[in-house]
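The block underneath contains the structure these notes are about, expressed in C-alpha cells.
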Amino acid sequence: MIQRIQTLYLILASVFYFCYWFFGLNWYYSGFEILQENFNNDFVINSTLLELILNVTSNIPLVILIICIISIFSYKSRPKQILICKVSLYLSLFMSIYTLFYFYFTLEGLAAIMPSKVLEILMYAAILNPFICSYLIFLAIKSIRNDDELVQSLNRIR
C-alpha cells in the first residue's frame with residue numbers, strides 16, 4: 001500500500017537522488033573536465049570513451065529516481081516491487097562506488113574552484129548521498145519483505 005514506511009524510504013531516496021542530479025550536474029561536468037585532464041596526462045584514453053562514461057553516469061541518478069517512483073506505484077505486487085527495488089539498489093551501489101572513484105580523482109580540483117565554503121560542504125555531502133540512498137532503498141526492500149511475510153502468514157492461518 002502507498003501509506004507504508006517503504007514508500008517514505010523510496011520517496012526520500014528519490015528526492016535525494018533528484019537533488020544529487022539537479023544541483024550537482026554542472027559541478028559534475030566541471031569535475032569531469034578535471035578528470036579528463038588527469039587521465040590524458042597519465043593514461044592514453046580515448047576522449048569519446050570518457051564522453052560516453054560522462055553521458056551514462058550523469059543520468060544514472062535520474063534512472064534510479066524513476067525506478068524508485070515506479071516501485072512506489074507497483075505496491076499491489078510485492079515480489080515485483082522487491083525486484084524493482086533490487087535493481088534500484090544495485091544501481092545505487094554502483095553509483096556509490098563510482099562516486100568514490102570520481103571524487104578520489106577530482107576532489108582537489110573541485111575544492112579549488114568552489115566559490116564558497118557552503119558549496120564545498122555540500123560537495124562533501126554529495127559524496128555521502130549515494131550511500132544514504134542505498135541504505136534507504138535497502139530499508140525499503142526489508143520493509144516490503146516484512147509486509148510480504150505478514151501477508152503470507154495471514155494466508156496460512158485461513
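Residues: numbered from 1 along the sequence shown.
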Closest non-hydrogen atom pair between [X] and [Y], with its separation:
| X | Y | value |
| --- | --- | --- |
| Phe138 | Leu89 | N-CD1, 4.1 Å |
| Tyr98 | Ile53 | OH-CG2, 4.0 Å |
| Ala13 | Leu136 | N-CD1, 3.9 Å |
| Lys80 | Ser74 | CE-CB, 4.0 Å |
| Gly31 | Thr106 | O-CG2, 3.2 Å |

Flag the pair [X] / [Y] as yes when at least one side-chain heavy-atom distance between them is below 4.5 Å, and no otherwise.
| X | Y | result |
| --- | --- | --- |
| Tyr9 | Ile141 | no |
| Leu100 | Phe131 | yes |
| Trp21 | Ile64 | no |

Check for a donor-acceptor pair, side chain of [X] on one end and backbone N or O of [Y] on the other, with a separation under 3.5 Å.
| X | Y | answer |
| --- | --- | --- |
| Ser71 | Ile67 | no |
| Asn59 | Asn55 | yes |
| Asp148 | Pro79 | no |

State yes or no: do [X] and [Y] share one hydrophobic cluster built from I, L, V, M, F, W and Y residues joined by side-chain heavy-atom distances below 4.5 Å, directly or via other members?
| X | Y | value |
| --- | --- | --- |
| Leu83 | Ile66 | no |
| Ile121 | Ile132 | no |
| Leu128 | Leu12 | yes |
| Met95 | Phe101 | no |
| Tyr20 | Ile97 | no |

Which distance, rounded to the nearest 0.5 Å, do you find between the [atom1] of [X] and the [atom2] of [Y]?
| X | Y | atom1 | atom2 | result |
| --- | --- | --- | --- | --- |
| Met123 | Lys117 | CE | NZ | 9.5 Å |
| Leu122 | Phe23 | CG | CZ | 10.0 Å |
| Met114 | Trp27 | CE | CH2 | 4.5 Å |
| Leu91 | Ile60 | CG | CD1 | 6.5 Å |
| Leu93 | Ser134 | CG | OG | 4.5 Å |
| Ser77 | Ile84 | OG | CD1 | 8.0 Å |

Exercise. Do Ser88 and Tyr17 have side-chain N/O donor and acceptor atoms under 3.5 Å apart?
Worked result: no

Exercise. Checking side chain to side chain contact (heavy atoms under 4.5 Å, CB included) against Tyr102, which of Thr57, Leu110, Leu107 comes through?
Worked result: Leu110

For this session: Check ring-ring contact (aromatic ring centres under 6.0 Å, His included) between Phe22 and all other residues, then give those that pass, not counting sequence neighbours.
Result: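 Here the qualifying residues are Phe18.
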
For this session: Before giving the answer on side-chain contact (heavy atoms from CB on, under 4.5 Å), spell out for Leu65 and Leu62 the whole-Å C-alpha distance, their side-chain angles and the decisive distance to 0.1 Å.
Result: CA-CA 5 Å; Leu65 163 98; Leu62 193 60; 3.6 Å; yes

Exercise. Between Asp147 and Arg4, is there a side-chain N and carboxylate O pair less than 4.0 Å apart?
Worked result: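 Looking at Asp147 and Arg4, the cut-off is met.
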
Exercise. Just wondering, more than 12 heavy atoms not from Tyr135 lying within 6.0 Å of its OH?
Worked result: no

For this session: Take Gln6 and Tyr75 through the test side-chain contact (heavy atoms from CB on, under 4.5 Å) and record every step on the way to the result.
Result: CA-CA 10 Å; Gln6 61 262 21; Tyr75 62 89; over 6 Å; no

